[in-house]
Each structure stands twice: as structure tokens, then as C-alpha cells.
Q: 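Sharing a structure with you now.
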Protein chains: 2
Amino acid sequence: MQDPFTDDVPPEPHSTPAAVRPISGRRARNKTATRESIVSAALELFESKGFEATTTREIAMKAGVAEGTVFNYFETKDDIALHFFEAEVDHAIATVRADPTLKGAALEEKLFALVHSQIEYLAPYESFIGAAFVRALRPSSKLALSPRALELRARYLDFVQDLIEESLPKRRARQLGWIAPQAFWIYYLGVLLYWLHDSSPAKQNTLAFLDRSLRFGTAFLREGGI
Amino acid sequence: MQDPFTDDVPPEPHSTPAAVRPISGRRARNKTATRESIVSAALELFESKGFEATTTREIAMKAGVAEGTVFNYFETKDDIALHFFEAEVDHAIATVRADPTLKGAALEEKLFALVHSQIEYLAPYESFIGAAFVRALRPSSKLALSPRALELRARYLDFVQDLIEESLPKRRARQLGWIAPQAFWIYYLGVLLYWLHDSSPAKQNTLAFLDRSLRFGTAFLREGGI
DNA sequence: GACGAAAAGTGAGTGCGCTCATATTTATTG
DNA sequence: CAATAAATATGAGCGCACTCACTTTTCGTC
């Protein structure tokens, strides 16, 4: 059976010659339909009862599939919640890219917009995203090292790297290399933790912290002594 | 039954008049003996097979108690691993306090010594501590809000606050208030995450990162624009 | 269409962390 | 030394996430 965890087109089968394999319609449609019904069933249940209280049996029942099927699409229950986390990263990158007012803006403004967009997107899922998200940080977690997660992280780091290169002198950017995006990744995780625990109205504390620390951090990038 | 999760002396029983209740010897000795045998059994197993692969049944068997007994002493399996984390914090605070060469040192040196002592202490447990430690960060985690954890965190923050007050002008310290220690707590968690994932020889990357970021961070505390 | 192979779906089964009604041990009191 | 009470220990049992040997569906090929 083809690995259902990747939506990638399978590697060109050696037996099929020239004609592009159509990868027949019904299969693919059923597959994405099943996947979506699992995701939306999980979302409803997570939101109404929370992550821990939702069982995979319930998700399967609500989605109209067998319990085993759920695990054909997601390796673990955590993985289901992480689906929303992935969507968040892609959404935030697209948002920042698409915003014309950010074109010539300072680096800290772009980064603020990026992180702000991320936590805004996650807000509706706050009640359950932390459970899975934080678990994925464990070194022992297979999630953090799964091809999917690595690819997601790479996309994010690439984007941050792009933002830095847009705003910094070439020399300085090259000097910083990969350290800056990596540090930013850690920083982002810290902000998320802060956000998850932040009980101030409208998450003011997180936003204030974001603003101050970013202004300071970008100053560091520009002139700081790395 | 008296809560076995606290080692505190129980509140003065209303029936006993003047005489100090001896809190008879055998009980207390048995209790700490059992607790220690559970902890050391767990440690051996965690180190040899890892955290996830170790079952609570095994721990109980190796400790020579019933499985239920393990849960009379620790609320969850995570809690057992966190025992070592607690010990680490207390040990690090004591170490920094006891080091005479740090008496008049700069703030960044004290903080470096603090965090360095912490990760050095955790080194032998690296293979398993992350699993439980990171899980305790979840907002939904009961661990993060348990009286024990809160008290530990308070002790740590108090200590950091002390260090700051020793090194900064009174005005500045008062102006910073609780923000600085809290930020430092997040920073410390970030460093731990970094450390857990750091595969460089002798964790050089972590130490280098520590050094640079602390020097920068303390400069921020002194003059920065909070 | 009929056939075979591969993809997708199934659900009883497994071992886990953890609970709880009960049994055992320890301490106190007359 | 009973008798009672309280602390502690016990292990069968529970519901969970997850597995795997198997069935059903899909689809290219003749």
C-alpha cells in the first residue's frame, strides 16, 4: 500500500512507459474526502470536548470510518492536531507575502506581521493546539523529525531567511547565515509557549512582548556582535 | 489518607494537646524508603531503556512494590521523571549561591553559571528528561500548575530576581519588576530545548549560544528600552 | 466483462497508564 | 493486650491509543 501520509505523487513507476499515469480520479477523490472528514470530525470534537477528552474511536465514528482508518491517515492522535499547525505556517507565510503594505517595511514589522498572523490563525484552536504542539517539541518525538515536519520547518526558515536578506545588507546577511533563522525558530516557539499561557485580555501581554523583543532582536541582527 | 505527594509535616491535629506529635519513626522511614526505591528503579530503567519504553509495571516490580503503590507516590509517570528536574533546579541554585568566585561577578556570569550548572546536572538524564519535561510545558498539563511545580518555579524566579537586584541599580531593578525573571524563565526553557536538540560535541553550540545571548540580554536589562 | 494486483478500509486484539475497592500494616487509646 | 482508627499497599480492572491480519474496493490489462 502506498504511504497515505504523503500526498505527493508517487515516484514514477518503472513499468509505465511514456504516458503520464492519470492516478485515477475516484481513488484520489475518495482519499481526500476521507481525510477531510476525519479532520473536520476531529476539529469539532476537539473544540467541543478538548483534545484529551476526545477519543480516536469518537473521531472515527463521527467521520464515518473504522478506527483503524484514522491511523491510516495520521500516525498518531497528536498528528491530527498538528495538521492545523501546518496549515497555520503556510497561511502566515502567504499572508505576509501578499500584504502590499509590507513591501518596503522594516524587518521587525515583517516579522511581527508573520508571528502575529500565526497566533491569530491559531486562536480558534488555542484550547487544543498546545497539547499536541508542545509534545511535538520533544527530542524523542517522531513528529519533529518526520519528513513532513522537517519540510514544514525548512519552508518556514527559508521564508524568514528571505525576509532577512531583503532587509539587511548582503554582507551582514551572509555573515549571519543560518543562525538567525534558527534562533528565530526557537524564539517563535518561545512566543507560542508564552501565548498559550497568556491569560491577559486579547493576549495583550504576548503582543507587547512580541513588539518589544522583535524591535530589540532586529537591532541585534543589524549591528549586534555575533 | 494523608496526601503522600507532600512531605510536609501534617497540620497540627486538633486532638493532640501540648506534646509534640512524634509522627512515629517507622512510618516516615518506610515511606521515604519506598519513595527512594521507586525513584532509583525508575532511574535505572529510564537510563537503560528510555522513558517511553519503560512501563510503570516494570518500575513497580523493580522497586518491589505493587503498581498501584507507584501512583500513591507520583501522580503520573511524567511526574517521576520530573523529580530529577526538581532536584536540578535546587542543586543549581545552591551551587551558584555557594560559589565564592561569583560573589562580585557580573550578572551575565552569574546567570551563565546558573544555567550551565543546570544543564550539567541534567546531562546524565538527557536521554529521558526531555520527554517528561517538555510535556510539563503544556498549558493543559496538571504538572505545570501543581502546587509543587508552582513552588519550584517561584523559588527559581525569586533567585533570579535576587541576582538581578544584586547587580543592577535599585531603580532599574524596581522598574523591571517581575518581567525580567519571567522572561528569563522562558529563555531558560528555550535554552533547554536547544540543548536537548543540540548534537554538537560537548554541547558546544548550546554553550556558545548561552554566552552570546546572555551577554546581550544583560546589556538589555541594564539599559534596554523596556 | 473477467482477472489479478494493489490500495484502502476494517475491527478484534494488545499493552499501556492509571483507578479504586479492598486488604494489610502501623499507630493510638483505654 | 485488645480494639479501633488511620495510613499505606495491593492488583484486578478500565478505557485509552495504536496494530495487524484480514476483507473489500478500485482499476489497469486482456
Side-chain angles (χ1 to χ4, degrees), chain A residues 1-7 10 13 15-17 19-35 37-38 42 45 49-61 63-81 131-132 135 142-143, chain B residues 1-7 10 13-17 19 21-35 37-38 42 45 49-61 63-81 131-132 135 142-143:
Chain A
M1 147 178 162
Q2 200 210 318
D3 181 359
F5 298 110
T6 79
D7 289 335
S15 56
T16 312
V20 180
R21 194 81 92 81
I23 279 298
S24 156
R26 179 140 56 186
R27 276 245 175 103
R29 251 180 296 119
N30 285 348
K31 225 168 92 168
T32 61
T34 303
R35 189 184 185 87
S37 71
I38 291 172
L45 289 166
K49 333 176 39 176
F51 181 79
E52 318 276 1
T54 300
T55 73
T56 52
R57 266 189 256 278
E58 287 175 299
I59 296 174
M61 214 163 67
V65 298
E67 194 177 1
T69 301
V70 171
F71 291 95
N72 286 341
Y73 284 85
F74 297 93
E75 286 190 296
T76 65
K77 185 183 162 189
D78 288 343
D79 236 349
I80 304 176
R135 211 180 297 187
K142 282 165 273 165
L143 284 183
Chain B
M1 147 178 162
Q2 202 209 317
D3 181 0
F5 298 110
T6 81
D7 289 334
H14 31 283
S15 57
T16 312
R21 195 79 93 81
I23 278 298
S24 156
R26 179 140 55 185
R27 276 248 173 102
R29 250 179 297 118
N30 284 349
K31 224 168 93 169
T32 62
T34 304
R35 189 184 184 87
S37 71
I38 290 172
L45 288 166
K49 331 177 39 177
F51 180 79
E52 318 276 1
T54 300
T55 72
T56 53
R57 270 186 251 277
E58 287 174 299
I59 296 174
M61 212 163 69
V65 298
E67 195 178 1
T69 302
V70 172
F71 290 94
N72 285 341
Y73 284 85
F74 297 93
E75 286 189 294
T76 65
K77 185 182 164 190
D78 288 342
D79 237 349
I80 305 176
R135 210 179 297 186
K142 282 165 273 167
L143 286 183

Q: Using whole Å, report how far CD1 of A:I59 lies from P of D:dC18.
A: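 That distance rounds to 10 Å.
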Q: For C:dT26 and B:N30 - does any side-chain N or O of the residue sit under 4.0 Å from the phosphate oxygens OP1/OP2?
A: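 Yes, because at least one side-chain N or O of B:N30 sits under 4.0 Å from OP1 or OP2 of C:dT26.
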Q: Testing the basics here: between B:R35 and B:F74, what is the closest heavy-atom pair and its distance to 0.1 Å?
A: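 Residues B:R35 and B:F74, closest heavy atoms: NH2-CE2, 3.7 Å.
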Q: Give, for atom CD1 of A:I59 and atom CD1 of A:I80, the distance between the pair rounded to the nearest 0.5 Å.
A: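 Those atoms lie 4.0 Å apart.
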Q: Which nucleotide sits closest to the side chain of A:K31: D:dG13, D:dA9, C:dA8?
A: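 Between D:dG13, D:dA9, C:dA8, the one nearest the side chain of A:K31 would be C:dA8.
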Q: If you assign B:A53 and A:T34 each to the DNA chain C nucleotide with the nearest heavy atom, which residue ends up on the more 5' nucleotide?
A: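 Checking each residue's closest nucleotide, the 5'-ward one belongs to A:T34.
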Q: Measure from the side-chain heavy atoms of A:A66 and tell me the nearest of C:dA8, C:dT26, C:dT10.
A: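 In terms of side-chain proximity for A:A66, the closest of C:dA8, C:dT26, C:dT10 is C:dT10.
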Q: So what does A:T69 touch, heavy atoms closer than 4.0 Å: a base, only the sugar-phosphate, or nothing?
A: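 Base contact - A:T69 has a heavy atom under 4.0 Å of at least one base atom.
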Q: Side-chain contact, heavy-atom cut-off 4.5 Å: A:V65 with A:Y73?
A: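 No; the side chains remain at least 4.5 Å from each other.
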Q: Roughly how far apart are B:I38 CD1 and B:T69 OG1, rounded to 0.5 Å?
A: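 One gets 6.5 Å once the value is rounded to the nearest 0.5 Å.
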Q: Determine whether a donor-acceptor pair (one donor, one acceptor, N or O, separation below 3.5 Å) exists between the side chain of B:E67 and the base of C:dC18.
A: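 In this structure, the two groups form a donor-acceptor pair.
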Q: Side chain of B:R57, heavy atoms from C-beta onward: which of D:dG13, D:dT8, C:dG11 has the nearest atom to it?
A: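 The answer is D:dG13.
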Q: From CD of B:E75 over to C1' of C:dT19, roughly how many Å is that when rounded to an integer?
A: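 So the CD-C1' distance, B:E75 to C:dT19, works out to 13 Å.
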Q: For nucleotides 20-22 of chain D, tabulate all protein N/O to nucleotide N/O atom pairs closer than 3.5 Å, reporting atom names and distance.
A:
none

Q: Between A:T34 and A:S37, what is the shortest heavy-atom contact and its length?
A: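 Looks like O-OG, 2.9 Å.
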Q: Any side-chain N or O of A:Y73 under 4.0 Å from OP1/OP2 of C:dG9?
A: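 Checking A:Y73 against C:dG9: at least one side-chain N or O falls below 4.0 Å of OP1 or OP2.
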Q: Which whole-number value in Å describes the distance from A:K77 NZ to C:dC16 C1'?
A: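 In whole Å, C:dC16 C1' and A:K77 NZ are 14 Å from each other.
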Q: Going by the rule side-chain hydrogen bond (donor to acceptor under 3.5 Å, both in side chains), which residues pair with A:T56 if we only count those two or more places apart in sequence or in a different chain?
A: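 Partners of A:T56 by the side-chain hydrogen bond (donor to acceptor under 3.5 Å, both in side chains) criterion, ordered by chain and then number, come out as A:E67.
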Q: Rounded to the nearest Å, what distance is computed from the CD1 atom of residue B:I38 to the P atom of nucleotide C:dC18?
A: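 About 14 Å, once rounded to whole Å.
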Q: The side chain of B:T56 lies closest to which of these nucleotides: C:dC18, D:dT10, C:dG9?
A: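 From the listed options, C:dC18 comes nearest.
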Q: Using atom CE of B:M61 as one end and atom P of D:dA9 as the other, report the distance to the nearest whole Å.
A: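 So the CE-P distance, B:M61 to D:dA9, works out to 19 Å.
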Q: Considering only side-chain heavy atoms of B:F71, which listed nucleotide, C:dT10, C:dA8, C:dC18, is closest?
A: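 Looking only at side-chain atoms, B:F71 lies closest to C:dC18.
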Q: Rounded to the nearest 0.5 Å, what's the gap from NZ on A:K77 to CZ on A:F51? Could you check?
A: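 If I round to the nearest 0.5 Å, the distance is 4.5 Å.
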Q: Take the protein atom CD of B:E52 and the nucleotide atom C1' of C:dG15, then report the distance between them rounded to whole Å.
A: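 Checked: the CD to C1' distance equals 15 Å.
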Q: Rounding to a whole Å, what distance do you find between B:R29:CZ and C:dT25:C1'?
A: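 Whole-Å distance recorded here is 14 Å.
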Q: Nearest whole Å is fine: how far is C:dG17 C1' from B:E58 CD?
A: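 Answer to the nearest Å: 13 Å.
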